[in-house]
Amino acid sequence: MDLELTGCAALVTGSSGGIGTAIAVRLAAEGCDVLVHGRDAAAAAKAAEEVARRGVRTEVVLGDLAEEGAAESIGAAARSFGARILVNNAGPFSEHDWDSAEPADWAAAFDGNVISAVRMTREMVPSMRECGWGRVINVGSRAVTTPLPNMVEYSAAKAAVVNMTTSLARHLAGTGVTANCVSPGVIMTPSLRSMFQERARTRGEDDGWGRLEPEVTSRYAPNPVGRLGRPDDVAAAVAYLAGPVADYVNGINLRVDGGITHTP
């Protein structure tokens with residue numbers, strides 16, 4: 001299926017690794033130019049090389065969205081790049097329950113997941129409106145509807161991301177700019193896989209992933225599909241929403257979680 005992304009340009013925040021890199025590469029595979037963003041120059045350059053292998057234009061912009069003024073400089077680079085697609089993927093997380101989460105942890109979660117996305121949206125939407133077309137795609141989490149007891153402030157922050165996505169879609173009515181959210185379930189990033197393999201080794205068990213994944217899935221993320229998600233699963237959903245073929249899809253939260261979330 002042609003997603004009609006050839007000739008488009010996107011900024012993917014937090015695309016120097018993990019799900020962000022997968023999103024950038026998938027957009028590039030569909031013909032979309034991609035501005036790679038990250039905080040680490042070496043990691044961002046490596047991701048940009050992978051994007052460039054798909055034959056599209058790519059550049060790197062560095063900056064910590066939690067720092068004052070970073071959004072302005074990143075936004076300027078994105079506008080110069082011609083980006084009319086914004087993927088707000090950057091978003092830190094920490095493990096805290098209600099007893100251990102301090103007010104500062106809550107503030108950091110909202111700043112890193114909500115306020116950073118707001119900053120970038122405010123930077124990018126005016127130029128989208130001016131040309132009459134654009135996409136804002138926020139990355140949420142399954143924790144939006146099933147809050148995680150060990151990630152309480154992160155779960156609340158991601159719920160706010162979905163809420164503001166719906167609000168933004170209504171605000172942009174009639175402009176040609178849509179706003180949607182993609183909420184991943186448990187995604188098998190390299191760091192997650194390494195964590196479970198290390199736990200198995202510590203217990204003196206076989207750490208082969210072929211054996212471990214079914215066990216991890218049943219204990220940690222039971223879902224009807226019967227496996228953990230892959231970064232490419234999330235990237236495919238983002239790529240669909242980014243293209244002109246999704247013009248009539250607006251204000252949604254698309255769960256990519258294998259069906260783990262038992263809500264309508």
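This one's a predicted model, so the numbers in the text were calculated from it and none came from an experiment.
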* Asked: Is there side-chain contact between Val139 and Ile19, with heavy atoms separated by less than 4.5 Å?
  -> no

* Asked: Hey, is CZ on Arg57 packed in by over 12 heavy atoms from elsewhere, all under 6.0 Å?
  -> yes

* Asked: So, do Pro184 and Val234 sit near enough that their side-chain heavy atoms are less than 4.5 Å apart?
  -> yes

* To do: Decide, yes or no, whether a salt bridge links Glu213 with Arg230 under the criterion of side-chain N to carboxylate O below 4.0 Å.
  => yes

* Note, Trp133 side chain near Arg84 side chain (heavy atom, < 4.5 Å) -> yes

* Asked: Got a sec: does the CZ of Phe110 have more than 12 other heavy atoms crowding it under 6.0 Å?
  -> yes

* To do: For side chain to side chain donor-acceptor pair (under 3.5 Å), just list the numbers for Thr121 and Asn88, CA-CA rounded to whole Å, side-chain angles, deciding distance to a tenth of an Å, and then say yes or no.
  => CA-CA 8 Å; Thr121 299; Asn88 283 313; 3.3 Å; yes

* Arg135 vs Val177 side-chain heavy atoms within contact, under 4.5 Å -> no

* To do: Take the angle between the ring planes of Trp98 and Trp106 and call it parallel below 30°, perpendicular above 60°, tilted in between.
  => tilted

* Test log, rule side chain to side chain donor-acceptor pair (under 3.5 Å), inputs Thr13 and Asn89 -> CA-CA 5 Å; Thr13 67; Asn89 168 71; 5.5 Å; no

* To do: Take atom CZ of Arg54 as the centre, draw a 6.0 Å sphere, and report whether it contains more than 12 heavy atoms from other residues, nucleotides or ligands.
  => yes

* In Å, rounded to the nearest 0.5 Å, how long is the span from CZ of Arg79 to CG of Leu35? -> 12.0 Å

* Structure fact -> Closest heavy-atom pair, Cys181 versus Thr165, reported as atoms and distance to 0.1 Å, is N-CG2, 3.7 Å

* To do: For residues Arg255 and Arg142, determine if any side-chain heavy atom of one lies less than 4.5 Å from a side-chain heavy atom of the other.
  => no

